[in-house]
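Following: one structure in structure tokens, then a few remarks.
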Amino acid sequence: MIYTHNNNELTIENLGETVKLKGFVAKKRDLGNLVFIDLRDQEGITQLAFYNENQLKEETLSIKNEYVIAIEGVVAERSSKNPNMTTGDIEIDVKKLDVLSTAKQPPMMVQDDTDALEDTRLKYRYLDLRRPYLKNIMKTRHLITKTVRDFLNEEDFLDFETPMLTKSTPEGARDYIVPSRNHKGNFYALPQSPQLFKQLLMISGFERYYQIAKCFRDEDLRSDRQPEFTQIDIEMSFVEQDDVLDVSERMIKRVMKAVKGIDVKTPFPRMTYAEAMRKYGTDKPDTRFEMFLTNLDEVFTDTEFKVFASTLKNGGSIQAINVEGGATTYSRKKIDALTNEVKKYGAKGLAWVKKDDGELSGPTIKFFSDNEIQALDTTLNMQNGDIAFIVADRLKVTRSALAFLRNHIAKALNLYDDNTFDFHWVVDWPMFEYDAEDERFYALHHPFTRAHDAHKDRLKDAPDKALAYGYDLVVQGQELGGGSLRIHDLAMQSDVFSVLGMDEASQQSQFGFLLDALQYGTPPHGGIAFGLDRLVMILTGTKNIRDVIAFPKTASAHCLLTEAPSPVSNAQLEELGLIKKTRDE
RNA sequence: GGUCCUGUGGUGUAGCGGUUAACAUGCCAGUCUGUCACACUGGAGAUCGCGGGUUCGAUUCCCGUCAGGACCGCCA
């Protein structure tokens, strides 16, 4: 070994010891006859001191930032200490210096407060990762996966690998496709998740499966979505919903303790999907604050106000949130800004009323009857100083607009704390959602989700009324994980495929292997998958998923470091039986 | 697919229809024995993303394009 200690280890206890250290030159401070170098390694920083007595000080002249060096020296007490560093009481009186590698001037400052823009950071990701900020996130990520593995291993889960080259399936996200050389004209798909394989493992008689699994989805990206991401994937057989939730809760509890030192209370609260949609307008409510959605349909049943009347006539809904004490905060200008935001979600406008001196006011008030004003006041329970925002639109738009507003306003008004972790379950998801445009049903979770025992028959006569054994884990308004009990009998599986509009032939060609497998004895089973990247984001307080992935891609799925994706040679295409077309062809 | 924001020395920003293109940091040279964002002095470093247009004149205004970012659609 060319070193005896890491750069976070030496303290006043080690005074007088001869040690060897290694690392990158983080900073050189040349005071003339005395030179300091901050030596950075994976673990921390130790200050090196070079004096005039030997020739070493001269050697430091050629040393620049990011050189890789190894030194030998004696631990000495600093005459002026730095309380901000763990090694701030000591420095190394260097006796021997080895330059292991030189470095060009880096295109960015390798410091936590680097001001380099993200494209520069991504192109030189290996430099970016030298920064303690990212290093600590990567360490946290490791601590999370280690804790998860320890826990699941203790609970007798088996760690499996499932294929990366697999079958493209309909439904769900767009697949990443890999051409086959042996079978020209045919393609593998990269897995969107190991869903079917883990179910097949249950059918194989394995009872507890887990995998920290890479998943691929070729969809447009967001600040919390990457084309390849990682799931903590779990499946269990001979279990009921409570068993999956229980294991999940204990796992999260363990992670929270290990990473944040926080004891979270289990079991987590549960809320039905219907309740979440009704009170929060979303399937992933932030429960750190209230400001519930209030339905005003009754208030305006007979209204003369055309906008509201036509909304109701068309089957839409009028709903509001009351921002307590928000009247003074929200000036016309700010309300206009909110209105613009809300339009993104399809809302055509944003009505509002304020209450002052016991009177409601607002630009739409003049269209309301006295009875309506009175009912509005009581229904929203408005107090002086409150402002309520009202959206009237299709139920879906009304809810998503208000759900957005609720989060947006709570953030602006500081109604919650980033260190509050409101883990809760959203349960009893519907099996399907009807898409009016496509005139068909889509699975709300996925097509392998089991319907409630009491709702089996609804699959045939009222699919939209069938509830599923589906559950999502939500924290801070984000979906952290989701799962379900799975279908374990052929009849229900075929029924579900039928609801989704798949005839017998396409069921066979797409999912024949699953339908076959279900016929050879299938234990009841279920599971869950957690978004590891999101978990790391939440626990490190990061707003950007790129910061929790060592080598992430840009918003257009481009890797600035390797420049993937990139063209391939004609020979490669030929071998795969592919013909290249330009964009316009 | 759509909307919006950004693109100026190595890095990050400022700026403006005519400038010697400014500032910080980094870099180079020098002084300095207690720094830790060392300090001080001096210096080098920019076809203002790319293409086209308007104009006597464009880094600045307009159009297109490329790249990065945010959001909507999309993501079972």
Side-chain angles (χ1 to χ4, degrees), chain A residues 26-40 45-53 57 61 64-66 76-85 87-88 91 104-124 127-128 169-175 192-193 195-196 215-227 229 340-347 397 400-401 404 408 429 431-433 435 437 441-449 468 470 479 482-484 496-497 500 529 531 543-544 546 553-558 560 563:
Chain A
K27 190 80 196 174
K28 185 170 80 170
R29 288 179 296 278
D30 184 346
L31 276 62
N33 286 321
L34 170 63
V35 174
F36 295 112
I37 284 177
D38 286 342
L39 187 66
R40 179 190 65 235
I45 286 181
T46 299
Q47 175 168 288
L48 311 178
F50 297 82
Y51 297 94
N52 223 356
E53 286 98 67
K57 205 218 73 187
L61 285 179
K64 319 261 184 237
N65 283 351
E66 302 309 317
E77 185 168 7
R78 292 199 199 180
S79 57
S80 60
K81 297 179 178 169
N82 184 344
N84 300 321
M85 297 173 68
T87 59
E91 64 195 8
K104 293 206 294 187
Q105 181 186 346
M108 55 180 283
M109 282 186 280
V110 183
Q111 293 169 12
D112 274 351
D113 54 351
T114 185
D115 50 8
L117 250 32
E118 253 200 295
D119 45 356
T120 311
R121 292 175 41 202
L122 288 176
K123 182 169 180 193
Y124 300 96
L127 296 181
D128 201 21
T169 51
E171 307 285 321
R174 195 178 292 114
D175 285 316
Q192 296 182 23
S193 83
Q195 182 60 36
L196 290 174
C215 305
F216 306 85
R217 293 177 191 176
D218 187 3
E219 295 293 346
D220 288 342
L221 307 175
R222 288 287 188 286
S223 55
D224 63 349
R225 295 201 319 233
Q226 281 274 300
F229 60 97
N340 276 332
E341 293 290 320
V342 152
K343 283 180 178 166
K344 289 182 191 168
Y345 296 84
V397 170
S400 60
F404 162 80
H408 187 82
W429 285 60
M431 288 288 286
F432 308 102
E433 190 175 45
D435 185 308
E437 236 166 73
F441 284 101
Y442 282 94
L444 212 59
H445 191 58
H446 59 53
F448 319 107
T449 301
E479 178 198 337
S484 60
V496 168
F497 285 147
L500 297 175
K543 293 288 166 261
N544 185 331
R546 283 172 238 106
K553 293 181 175 59
T554 67
S556 58
H558 185 193
L560 296 180
E563 296 188 320

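Note that the structure is predicted; figures quoted are calculated from it, not measured. Computation of the quantities below employed the complete heavy-atom set of this structure, encompassing side-chain atoms and omitting hydrogens, waters and symmetry-equivalent molecules. Below, chains carry the letters A, B, ... as their sequence lines are ordered, and counting in each starts from 1.
Atom name P, nucleotides B:U60 and B:G52: the rounded distance is 13 Å, in whole Å. Here, B:G68 and B:G57 have their C1' atoms 32 Å apart, quoted to the whole Å. Remark: the separation of the P atoms in B:C62 and B:U54 is 16 Å, to the nearest Å. To the nearest whole angstrom, the two C1' atoms, one in B:C4 and one in B:G12, are 23 Å apart.
Here A:Phe497 pairs with A:Phe511 under the ring-ring contact (aromatic ring centres under 6.0 Å, His included) rule; sequence neighbours left out. Annotation: ring-ring contact (aromatic ring centres under 6.0 Å, His included) contacts of A:Phe404 (sequence neighbours excluded): A:Tyr345, A:His408. A:Gln226 pairs by the side-chain hydrogen bond (donor to acceptor under 3.5 Å, both in side chains) definition with nothing, not counting sequence neighbours. Considering only residues two or more places apart in sequence or on other chains, A:His558 meets the ring-ring contact (aromatic ring centres under 6.0 Å, His included) condition with none of them. For A:Glu479, the side chain to side chain contact (heavy atoms under 4.5 Å, CB included) partners two or more places apart in sequence, or in a different chain, are A:Lys284, A:Asp472, A:Arg534.
In this structure, the nucleotide among B:C75, B:A70, B:U13 sitting nearest to the side chain of A:Arg225 is B:C75. The side chain of A:Ala555 lies closest to B:A70 when the candidates are B:A70, B:C71, B:C27.
Close to B:G12, at under 4.0 Å from its OP1 or OP2, lies a side-chain N or O of A:Thr120. Phosphate contact (OP1/OP2 of B:A67, side-chain N/O of A:His558, threshold under 4.0 Å): absent.
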*Using a 4.0 Å cut-off on protein heavy atoms (strictly under), produce a 5'-to-3' string for nucleotides 33-43 of chain B with B for base contact, S for backbone-only sugar-phosphate contact, and - for none.*
BBBB-B-----
